[in-house]
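Just so you know, these numbers come straight off a predicted model, no measurement behind them.
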Amino acid sequence: RAPEVLNNCCLDPQAADIYSLGMMLFIFKTGGMIPYKEEGYYRGVDMKELKEFNPKAFWKKQCEFLGKDASFFSEDFKNLFMWMTQSHPEKRPTIMQIKRSKWYLDEVCSKEELFVFMNGRFEFL
């Protein structure tokens, strides 16, 4: 859930939905792995804090946890995800901005990724 929803101070439900869509986008891309827990650590790392303060290390750890090389997440995907999951709701994109993003206009996933997703191979934290 979006930070403002967790803090019971949501003033823009659409922005909160964009945050949730960003999280779902990550889950679909990884075949079911969430990017971070709202509270707590994953394998000894506070991934939410890492995302906020050291994005490069955040993506490196994500690839490490998934057993993927650095090219697994395209720069366009990273940029869109980070934009959609901004801490501040007013900085998140609108649906129209997402539809104009480079990632959205490109191929969403490879045939191999679609096969993995459709076969239900999920790994939840």
Do any side-chain atoms of residues 10-20 form donor-acceptor pairs under 3.5 angstrom with protein atoms, and if so which ones, sequence neighbours left out?
| from | atom 1 | to | atom 2 | distance (Å) |
| --- | --- | --- | --- | --- |
| D12 | OD1 | Q14 | N | 3.2 |
| D12 | OD1 | A15 | N | 3.3 |
| Y19 | OH | Y36 | OH | 2.5 |
| S20 | OG | A16 | O | 3.4 |

With a cut-off of 3.5 Å and sequence neighbours excluded, list every side-chain donor-acceptor pair involving residues 53-62.
| from | atom 1 | to | atom 2 | distance (Å) |
| --- | --- | --- | --- | --- |
| N54 | OD1 | A57 | N | 3.3 |
| K61 | NZ | E64 | OE2 | 3.3 |
| Q62 | NE2 | P35 | O | 2.7 |

Would you give me the side-chain donor-acceptor pairs under 3.5 Å for residues 68-81, sequence neighbours excluded?
| from | atom 1 | to | atom 2 | distance (Å) |
| --- | --- | --- | --- | --- |
| D69 | OD1 | S71 | N | 2.9 |
| D69 | OD1 | S71 | OG | 2.4 |
| S74 | OG | F77 | N | 3.0 |
| E75 | OE2 | K78 | NZ | 3.0 |
| N79 | ND2 | E75 | O | 3.2 |

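How far NZ of K48 is from OG1 of T85: 10.0 Å, rounded to the nearest 0.5 Å. Here the CZ-CG distance, from F28 to L21, works out to 9.5 Å after rounding to the nearest 0.5 Å.
The salt bridge (charged side-chain N to carboxylate O under 4.0 Å, His left out) contacts involving residues 81-91 comprise nothing, where partners must be two or more places apart or lie in separate chains.
Under a 3.5 Å cut-off, the side chain of N7 and the backbone N or O of C9 do not form any donor-acceptor pair.
Residues meeting the side chain to side chain donor-acceptor pair (under 3.5 Å) test with Q86, sequence neighbours left out: none. Partners of K51 according to the salt bridge (charged side-chain N to carboxylate O under 4.0 Å, His left out) rule, which considers only residues two or more places apart in sequence or in another chain, do not exist here. S87 is linked by a side-chain contact (heavy atoms from CB on, under 4.5 Å) to E52, counting only residues two or more places apart in sequence or in another chain.
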Salt bridge (Lys or Arg N to Asp or Glu O under 4.0 Å) between R92 and E4, intermediate numbers included: CA-CA 13 Å; R92 294 181 200 138; E4 64 273 20; 2.7 Å; yes
Test log, rule side chain to side chain contact (heavy atoms under 4.5 Å, CB included), inputs M84 and I98: CA-CA 9 Å; M84 292 173 75; I98 292 168; 3.7 Å; yes
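Follow the hydrophobic side-chain contacts under 4.5 Å out from L25 and you reach Y104 in the same cluster. At a threshold of 4.5 Å between side-chain heavy atoms, the hydrophobic network of Ile, Leu, Val, Met, Phe, Trp and Tyr places M96 and W103 in two separate groups. Hydrophobic clustering (side-chain heavy atoms under 4.5 Å, transitive across Ile, Leu, Val, Met, Phe, Trp, Tyr) groups M23 together with L50. Y42 and L6 end up in different hydrophobic clusters when Ile, Leu, Val, Met, Phe, Trp and Tyr side chains are linked at under 4.5 Å.
Listed here is the closest heavy atom pair of F65 and V45: CZ-CG2, 4.3 Å.
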